[in-house]
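Just below is one structure, and these are the notes that go with it.
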Amino acid sequence: MTPTTAALGMCFPRTFPAALVTDVARRLEEGGADELWVIEDCFYTAGPSLVAAALSVTERLTVGLGIVPAVARTPAVTAMEFATLCALGPGRFLPGIGHGVQVWMDQMGVRPKSPLTTLEEVTVAVTRLLAGETVTMDGKVVYLQDVKLDQPPADPPPIVLGVRGPKSLALAGRVGGGVVLAEPAGPSYVRAAVEAAGSPEGFVVAAFSAFCVRSDRKTAYEWTAPWLAGLIEQKNPALPALPFYDDLLKRYSESGVPGLVTMPQDWWTELGPIGTLDDAATHIEALEAAGVHHIGLFPDPEVEHGLPMLEHVVALANR
């Protein structure tokens, strides 16, 4: 894949207070960062509302939505919200749709029988509606009868799909405009994911990267190692793409979290922008070489620790 110069920004964790989004958006724009990525998880804050707020106080910043669950809204309402956000920030909104966490979908009584079929039908319907079509669909999940948006965007953005598994990535390559890959989305995982999607031309790749910059590497590694241990315990699907995956499992099995802290520096740099500011820059350059177009640096979910990372995002955006 051809190397890119990625747009760089920060993710707005689901645990951040909603009212903070306008300040974060302004500071990112004023500092020279390219993007803000809003997270919508059940049952925290609503993504489209946060996107609207961020767009309303900025003039240049791109705001990504990663992601809305396919079944949390009807396709027509999702298309209406996306079109409205496009109108609020022409050319500055990047929408994402995903399966949603199925346990959460079950809690709301909207868990689909086939998440794959559902995501495909919803993505196709929303894409067609944003293109200004009059849509009639009688699918396995989606039903629309002569639905047409009154104000479709003049230049519809690509819809990136927040997916992980090989079947879902293949689906993204067929019907999506790209993918948004959840952290830890290192360069090896990005390449594997794009290959699984079929490497379609014009495919937009966004990646979230767990972000921890400290004055010295050891402190950053100590801070981040418990998070990595959790990913290993959960069998995170991004980890097997790591070139050192087997050695990582062995190290953790034998030495636990302390063993992760003392991992080789290049392992950490593959995993994310973790370590010093220079280490973070090295990770970003590797993502760009892997063909990533949009990078959202994901800070600590606690405001007191995560918000100060904004200054490092700005520094990296101006590197």
Side-chain angles (χ1 to χ4, degrees), residues 37-52 55 63-90 92-165 167-180 182 197 200 202-204 206:
W37 280 89
V38 167
I39 310 302
E40 177 174 279
D41 277 344
C42 301
F43 302 93
Y44 292 84
T45 46
S49 303
L50 293 175
V51 172
L55 289 172
V63 184
L65 176 53
I67 48 81
V68 295
V71 294
R73 304 162 179 85
T74 66
V77 171
T78 296
M80 287 167 58
E81 290 194 309
F82 287 0
T84 301
L85 294 169
C86 287
L88 291 174
R92 298 196 292 125
F93 171 52
L94 189 57
I97 302 176
H99 296 299
V101 176
Q102 294 305 293
V103 172
W104 293 339
M105 301 305 105
D106 207 18
Q107 283 181 271
M108 297 189 291
V110 295
R111 183 170 185 162
K113 291 181 179 178
S114 172
L116 279 170
T117 299
T118 301
L119 182 57
E120 180 163 1
E121 291 188 3
V122 169
T123 302
V124 169
V126 174
T127 300
R128 292 180 61 192
L129 288 167
L130 291 179
E133 296 182 32
T134 299
V135 181
T136 294
M137 287 182 64
D138 189 8
K140 293 181 179 179
V141 179
V142 173
Y143 177 86
L144 296 170
Q145 181 65 46
D146 295 329
V147 177
K148 185 179 190 299
L149 294 181
D150 182 72
Q151 299 177 44
D155 186 16
I159 296 176
V160 294
L161 300 190
V163 292
R164 283 179 167 171
K167 291 182 180 179
S168 297
L169 288 164
L171 184 154
R174 289 197 313 273
V175 303
V179 289
V180 53
F203 200 60
V204 175

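Given the structure is predicted, the values throughout are model-derived calculations rather than measurements. Below, each value reflects all heavy atoms present in this structure, side chains not excepted, and no hydrogens, waters or symmetry copies. The residues of the chain are indexed from 1 along the displayed sequence.
Scanning all heavy atoms of the two residues, the minimum distance from L129 to V147 falls at CD2-O, 3.4 Å. Counting all heavy atoms, side chain and backbone alike, V175 lies closest to T123 at O-CG2, 3.6 Å. In this structure, A125 and P75 approach most closely via the heavy-atom pair CB-CB, 4.0 Å. In terms of heavy-atom proximity, R92 sits nearest to L55 at NH2-O, 3.1 Å. Considering all non-hydrogen atoms of both residues, T118 and A70 come closest at CG2-CB, 4.5 Å. Across all their heavy atoms, V51 and G64 have their closest contact at CG2-O, 4.4 Å.
Side chains of V142 and V122 form a contact here, defined as non-hydrogen atoms less than 4.5 Å apart. Contact check for L161 versus L119: side-chain heavy atoms found under the 4.5 Å cut-off. Put simply, the side chain of E133 does not reach to within 4.5 Å of the side chain of P152, judged on heavy atoms. F82 has its side chain within reach of V68: a pair of non-hydrogen atoms, C-beta onward, lies under 4.5 Å apart. Counting heavy atoms from C-beta outward, L88 and F93 have side chains that stay 4.5 Å or more apart. Side-chain contact between Q107 and C42: absent, with no pair of heavy atoms (C-beta onward) separated by less than 4.5 Å. Side-chain contact between R73 and P48 is present, with at least one heavy-atom pair separated by less than 4.5 Å.
Listed by first then second residue, pairs satisfying side-chain hydrogen bond (donor to acceptor under 3.5 Å, both in side chains) with a partner in residues 167-180 read H99-S168, E120-R174, not counting sequence neighbours.
The neighbour count for Q151 CD, taken as heavy atoms of other residues, nucleotides or ligands under 6.0 Å away, does not exceed 12. Heavy-atom neighbours of D106 CG from other residues, nucleotides or ligands within 6.0 Å: above the threshold of 12.
When only modelled atom types and interatomic distance are considered, D146 and T136 share a side-chain donor-acceptor pair under 3.5 Å.
Between I159 atom CD1 and I67 atom CD1 the span is 12.5 Å, to the nearest 0.5 Å. Atom CG of L85 sits about 11.5 Å away from atom CG of L94, to the nearest 0.5 Å.
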